[in-house]
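So that the names make sense, note that chain A is the first sequence line, chain B the second, and so on, each numbered from 1.
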Number of protein chains: 2
Amino acid sequence: MIKHSRQRDAIRDNLMNRCDHPTAETVYMDIKEDFPNISLGTVYRNLSLLSELGEIQKISTGAGPDRFDGNVKPHCHFQCRMCYNVLDIPFEYPEELNAHASKKFPGIIEGNTIQFFGLCPDCMQTH
Amino acid sequence: MIKHSRQRDAIRDNLMNRCDHPTAETVYMDIKEDFPNISLGTVYRNLSLLSELGEIQKISTGAGPDRFDGNVKPHCHFQCRMCYNVLDIPFEYPEELNAHASKKFPGIIEGNTIQFFGLCPDCMQTH
DNA sequence: TTTAATAATAGGAACTGTTACTAATATTAA
DNA sequence: TTAATATTAGTAACAGTTCCTATTATTAAA
């Protein structure tokens, strides 16, 4: 675990201490309370760096901005097609997928992501 | 199957008659040979419309622009982390995932996507 | 068929999310 | 303490995509 700048640590801690999947903008607003002068660029730079280091996870959904997750254990995500909120799907991850895919694919499989979509509990009510 | 404009049909046909996963820009360049005045906006608008209708599939990878696929049967995609090319992974799709996820999730699961990443056969060589 | 209503277009401006640049500041190592 | 390095704030630039508007194409009605 490499040494981090104070800003980077704050960004990392913010993600570790929450269970949702905030956007860079949301993290930025949060961190601002402790670092009023922090810039959005710094947040983006450090979120990228942290996810390259494997300390956090980046979630790209294709609807709206990227999300970030302090939980790096493999797990599935769900995005609501109405409110675009991203939630965890808590089931045991199908670990065999990579091996399975490798058999059918002449390249190197390093990982995978599973994303579900539909309606979240909240939007289910409102139809 | 609704009636399409000539441009929309050309876009649809282009995707049906190829096996790769072109970007909107690539489709635009192709269609231009038959419709020299077609605009990029028209390509984007129709790609969106066609994927809402379920006639084509949109692939968002989080690295580079969206890709499009004329094959709407559920199948997995792979993106190379070096060249960003997107390829099919030809194995029987795990159809049980949705049902599995539904049991653990209080919202409505409508579908899922599985994406692999790693090195494609070409980039494997060059390291 | 003309005509009226509707749908779709081309072209370009505007927008969103993100990255890159730069001069200044902080950190570390000698 | 000083030199080298890392990181920052602030902002400009960028990529991809959507939106807008006046014009053109298509369709439906008379």
Side-chain angles (χ1 to χ4, degrees), chain A residues 1-15 21-53 55-69 79 81 83-86 115, chain B residues 1-15 21-53 55-69 79 81 83-86 115:
Chain A
M1 193 84 68
I2 75 163
K3 177 104 193 312
H4 293 308
S5 66
R6 292 179 334 109
Q7 288 92 334
R8 188 149 64 228
D9 259 331
I11 290 167
R12 189 173 167 280
D13 288 351
N14 181 273
L15 279 174
H21 307 86
T23 64
E25 182 74 31
T26 302
V27 173
Y28 170 62
M29 299 303 265
D30 276 11
I31 301 292
K32 246 187 161 162
E33 299 191 1
D34 289 325
F35 296 82
N37 295 334
I38 198 169
S39 79
L40 187 54
T42 296
V43 173
Y44 271 105
R45 181 165 25 77
N46 284 310
L47 286 171
S48 291
L49 186 55
L50 287 167
S51 73
E52 273 163 33
L53 292 170
E55 298 191 31
I56 66 170
Q57 196 184 345
K58 179 162 129 172
I59 309 165
S60 295
T61 66
D66 288 345
R67 311 302 191 104
F68 297 88
D69 193 337
Q79 185 172 43
R81 68 168 158 79
C83 69
Y84 303 119
N85 198 16
V86 173
Q115 287 186 11
Chain B
M1 191 83 68
I2 73 164
K3 178 105 196 309
H4 294 305
S5 66
R6 291 178 337 111
Q7 287 89 335
R8 189 146 65 227
D9 260 332
I11 290 167
R12 186 173 169 281
D13 288 351
N14 182 272
L15 280 173
H21 307 86
T23 64
E25 183 72 30
T26 302
V27 174
Y28 170 61
M29 299 303 265
D30 275 12
I31 301 293
K32 246 187 160 163
E33 300 193 1
D34 288 325
F35 295 82
N37 295 334
I38 199 168
S39 78
L40 188 52
T42 295
V43 174
Y44 271 105
R45 181 168 23 80
N46 284 311
L47 287 171
S48 292
L49 185 56
L50 287 167
S51 73
E52 274 163 32
L53 292 171
E55 297 192 32
I56 65 170
Q57 196 183 347
K58 178 163 128 173
I59 308 165
S60 295
T61 65
D66 290 344
R67 310 303 191 103
F68 297 87
D69 193 337
Q79 186 173 42
R81 66 167 160 78
C83 68
Y84 303 119
N85 199 15
V86 172
Q115 286 186 12

Within this structure, what is the CG-CZ distance for the pair L50(B) and R12(B), rounded to the nearest 0.5 Å?
7.5 Å

When you measure from the side chain of H21(B) to the backbone of V86(B), do you find a donor-acceptor pair of N or O atoms at a distance under 3.5 Å?
yes

Whole-Å gap separating P (dT16(C)) and OH (Y44(A))
12 Å

Taking Q79(A) for the side chain and Y84(A) for the main chain, is one N or O donor matched with an acceptor at less than 3.5 Å?
yes

So which of I11(A), D66(A), T23(A) actually passes side-chain contact (heavy atoms from CB on, under 4.5 Å) with L47(A)?
I11(A)

Starting at CD1 of I56(B), measure out to OG of S51(B) and round the result to the nearest 0.5 Å.
5.5 Å

For the pair made of CZ in R45(B) and C1' in dG12(C), what is the distance, rounded to whole Å?
14 Å

Nearest 0.5 Å, please: how far is CG in N37(B) from CD in Q7(B)?
9.5 Å

Hey, can you pull the residues of residues 25-37 of chain B with a non-hydrogen atom under 4.0 angstrom from DNA chain D?
none

Could you work out, with side-chain contact (heavy atoms from CB on, under 4.5 Å) as the rule, every residue matching Y28(B), not counting sequence neighbours?
E25(B), K32(B), I38(B), L40(B), V43(B)

By nearest-heavy-atom nucleotide on DNA chain D, the more 5' of R6(B) and K58(B) is K58(B)

Find the distance D66(A):CG to dG17(C):P and express it as a whole number of Å.
10 Å

Side chain to side chain contact (heavy atoms under 4.5 Å, CB included), that's the test. Do Q115(B) and I59(B) meet it? Break it down for me.
CA-CA 9 Å; Q115(B) 286 186 12; I59(B) 308 165; 3.9 Å; yes

Is there a side-chain hydrogen bond (donor to acceptor under 3.5 Å, both in side chains) between T42(A) and R45(A) once you walk through the steps?
CA-CA 5 Å; T42(A) 296; R45(A) 181 165 25 77; 3.1 Å; yes

Across the strands shown, which category fits R8(B) at heavy-atom distances under 4.0 angstrom: base, sugar-phosphate, nothing?
sugar-phosphate

Phosphate OP1/OP2 of dG12(C) contacted by S39(B) side-chain N/O (<4.0 Å):
no

Kindly point out which of dT19(C), dG17(C), dT9(C) is positioned nearest to the side chain of S48(A)?
dT19(C)

Can you measure N46(B) atom CG to dA10(C) atom C1' for me and round it to whole angstrom units?
13 Å

Could you tell me how far apart L49(A) (CG) and dA20(C) (P) are, to the nearest whole angstrom?
13 Å

If you walk 5' to 3' along DNA chain D, what is the first nucleotide with an atom under 4.0 Å of a heavy atom in chain A, and what is the last?
dT7(D) to dG10(D)

